[in-house]
Amino acid sequence: MKKISIVIPCYNEEEAIPYYYDVMQAVVKKMSKKSTFEFIFVNDGSTDNTLGELRTLAKKDKSVRYISFSRNFGKEAGIYAGLEASTGDYITTMDVDLQDPPELLEEMFDTLETGQYDCCATRSTNRKGYSFFRKIFTKWFYKIIGKMSKTEMVPGARDYRLMTRQMVDAILSMKEYNRYSKGLFSFVGFNTKWIEFKIEERKKGKSKFGFWKLLSYAIEGIVAFSTAPLVISAFIGLLLCFLSFVLIIIIIVKTLVWGDPVTGWPSLVCIIFFVSGIQLFCIGIIGQYLAKTYLETKNRPVYIVKETEKDLK
Ligand code: UDP
Ligand code: MG
């Protein structure tokens, strides 16, 4: 009998947790002949009663474990902690809002049982329940990162995927501090089967990803899996050098032939603004990479645990 570990990052999800647990019991029952389950909830520094809910669940059900962080470390850290703690033969991560359909788990399990695949991943073909602006943002993000990164980024890919122990160990062997799971999953390779589904709206609670969090997540992804922005900024620099060289020649020739009336002050100011803007922009790009390198070299832990189910008396 195989054991499935389910890693569930939770941030202020007091409403969603009991509901999620109840829904999952049906799946556990349905698959009880095939596999056993282990739920690993990760409390990512919630400020509501998430921890209380998790304690209650862990007290009444032995298959429920939890890891509680000392503060909010982000979803990626939650996934990492959960994967590290997992003991199952197959491991999956799931959002607690049930936007990842539990009924797909059996199909994913059967796929891995055939032995042909190391991973069965899901992608949503729509983005129901998300704002118009976010849909556009996501679409463009995948377009841009698709072009920039050598690692394949599947549009609409969820973190919801069932993986073998071997694949998870490979992911855990990457100790980087700036973790972008969608990229890491893809980077390690292995045979992956994709299943598509239509996403539903969040069942309980509210989305935890506002505009700024999403933007910084997107930049994280690009910086972690592509150095193309550096090449692009170098290219812009080269282009401007060439342009200024041509301009210098034109100006010299013009002055020699027609003389030098003092005009062109506004255009000069515009050019200075434009070029210094581009310079700052490119320095900003370099700064992003430098900042990430800086954080990596500090070797800080990805997360800090305050409490687990073992602390329950
Ligand atoms: N999450 C987390 N830490 C955070 C933000 C989110 O653990 O800092 C969890 C959250 O509780 C949920 C999952 O990540 O289980 C996905 O979050 P959400 O549904 O808000 O994201 P969205 O569906 O808007 O992309
Ligand atoms: Mg969600």
Side-chain angles (χ1 to χ4, degrees), residues 1-10 13 16-43 53-67 75 78-124 157-173 181-182 184-185 188-197 199-200 203 308-310 312:
M1 192 106 123
K2 291 268 166 52
K3 177 164 156 191
I4 300 179
S5 298
I6 305 180
V7 173
I8 315 127
C10 308
E13 301 281 9
I17 289 167
Y19 186 68
Y20 169 86
Y21 178 78
D22 288 345
V23 171
M24 286 308 288
Q25 289 319 298
V27 179
V28 170
K29 205 166 157 212
K30 189 152 170 264
M31 292 179 67
S32 61
K33 288 209 173 64
K34 297 179 179 176
S35 88
T36 58
F37 285 84
E38 167 187 63
F39 291 90
I40 305 172
F41 290 90
V42 183
N43 173 29
E53 294 290 344
L54 296 181
R55 282 186 188 133
T56 314
L57 283 183
K59 267 182 204 153
K60 78 169 183 201
D61 183 347
K62 278 271 161 293
S63 68
V64 173
R65 299 172 53 199
Y66 68 86
I67 301 167
K75 185 184 175 187
I79 292 178
Y80 183 61
L83 293 182
E84 271 196 328
S86 68
T87 59
D89 306 291
Y90 295 148
I91 300 100
T92 181
T93 68
M94 229 172 153
D95 287 359
V96 73
D97 57 8
L98 290 170
Q99 284 194 299
D100 299 322
E103 62 277 7
L104 286 184
L105 202 57
E106 186 161 12
E107 188 183 340
M108 286 152 78
F109 179 83
D110 292 340
T111 306
L112 291 199
E113 282 291 88
T114 62
Q116 288 175 22
Y117 295 96
D118 306 287
C119 172
C120 188
T122 62
R123 63 177 286 258
S124 60
R158 308 278 304 170
D159 292 330
Y160 183 37
R161 43 168 71 216
L162 194 65
M163 297 170 279
T164 59
R165 182 83 254 163
Q166 188 189 22
M167 180 166 172
V168 169
D169 286 343
I171 290 163
L172 291 175
S173 74
S181 287
K182 286 186 179 61
L184 297 176
F185 290 149
V188 293
F190 294 97
N191 285 341
T192 301
K193 182 182 171 178
W194 286 92
I195 3 186
E196 294 182 351
F197 72 95
I199 201 164
E200 293 291 322
K203 291 284 185 286
T308 70
E309 81 283 347
K310 295 197 182 77
L312 278 182

Practice problem: Show the numbers, then the answer: is there a side chain to side chain contact (heavy atoms under 4.5 Å, CB included) between Tyr80 and Leu184? | Solution: CA-CA 11 Å; Tyr80 183 61; Leu184 297 176; over 6 Å; no
With sequence neighbours left out, what residues match [X] under salt bridge (charged side-chain N to carboxylate O under 4.0 Å, His left out)?
X	result
Asp169	Arg165
Glu38	Lys3, Arg65
Asp110	Lys34
Lys75	Asp95, Asp159

Can you find a pair of side-chain heavy atoms, one from [X] and one from [Y], that are under 4.5 Å apart?
X	Y	answer
Thr164	Met167	yes
Leu83	Thr93	yes
Arg158	Ile199	yes
Thr36	Ile4	no
Ile17	Leu54	yes
Glu106	Val27	no
Tyr160	Thr92	yes
Glu53	Pro18	yes

Nearest 0.5 Å, what's the [atom1]-[atom2] distance between [X] and [Y]?
X	Y	atom1	atom2	value
Met94	Phe41	CE	CZ	10.0 Å
Ile171	Cys119	CD1	SG	7.5 Å
Ser63	Leu57	OG	CG	9.5 Å
Thr308	Asn43	OG1	CG	12.0 Å
Ile6	Leu105	CD1	CG	5.5 Å
Ile79	Ile91	CD1	CD1	13.5 Å

Name every donor-acceptor pair, under 3.5 Å, that has one atom in a side chain of residues 19-26 and the other anywhere in the protein, sequence neighbours excluded.
unit_1 : atom_1 : unit_2 : atom_2 : d
Tyr21  : OH     : Asp61  : OD2    : 2.4
Gln25  : NE2    : Tyr21  : O      : 3.4

Minimal heavy-atom distance between Val188 and Phe190, with the atoms involved, is O-CD1, 3.4 Å
Correct closest heavy-atom pair for Ile67 and Ala85 would be CD1-CB, 3.6 Å
Applying side chain to side chain contact (heavy atoms under 4.5 Å, CB included) to Asn191 and not counting sequence neighbours gives Tyr117, Asp118
| task | Look at Lys2 together with Glu113 and state whether they make a salt bridge at an N to O cut-off of under 4.0 Å. | result | yes
Test side chain to side chain contact (heavy atoms under 4.5 Å, CB included) applied to Cys120 and Ile195, step by step = CA-CA 7 Å; Cys120 188; Ile195 3 186; 3.6 Å; yes
Partner of Lys203 under side chain to side chain contact (heavy atoms under 4.5 Å, CB included), picked from Val96, Asp97, Leu98, is Leu98
- Task: Apply the test side chain to side chain contact (heavy atoms under 4.5 Å, CB included) to residues Met108 and Tyr90: give CA-CA distance (whole Å), side-chain angles for both, the deciding distance (0.1 Å), then the verdict.
- Result: CA-CA 10 Å; Met108 286 152 78; Tyr90 295 148; over 6 Å; no
If only atom types and distance count, is the side chain of Glu200 paired as donor or acceptor with the main-chain N or O of Gln99 below 3.5 Å? no
ask   = Is the backbone of Gly88 close enough, under 3.5 Å, to the side chain of Ser5 for a donor and an acceptor to pair up by distance?
value = yes
Quick one, Met163 with Thr192, criterion side chain to side chain contact (heavy atoms under 4.5 Å, CB included). Give me CA distance, side-chain angles, the key distance, then yes/no.
CA-CA 9 Å; Met163 297 170 279; Thr192 301; over 6 Å; no
request  = Inspect the surroundings of CD in Gln166 and state if more than 12 heavy atoms from other residues, nucleotides or ligands are less than 6.0 Å away.
outcome  = no
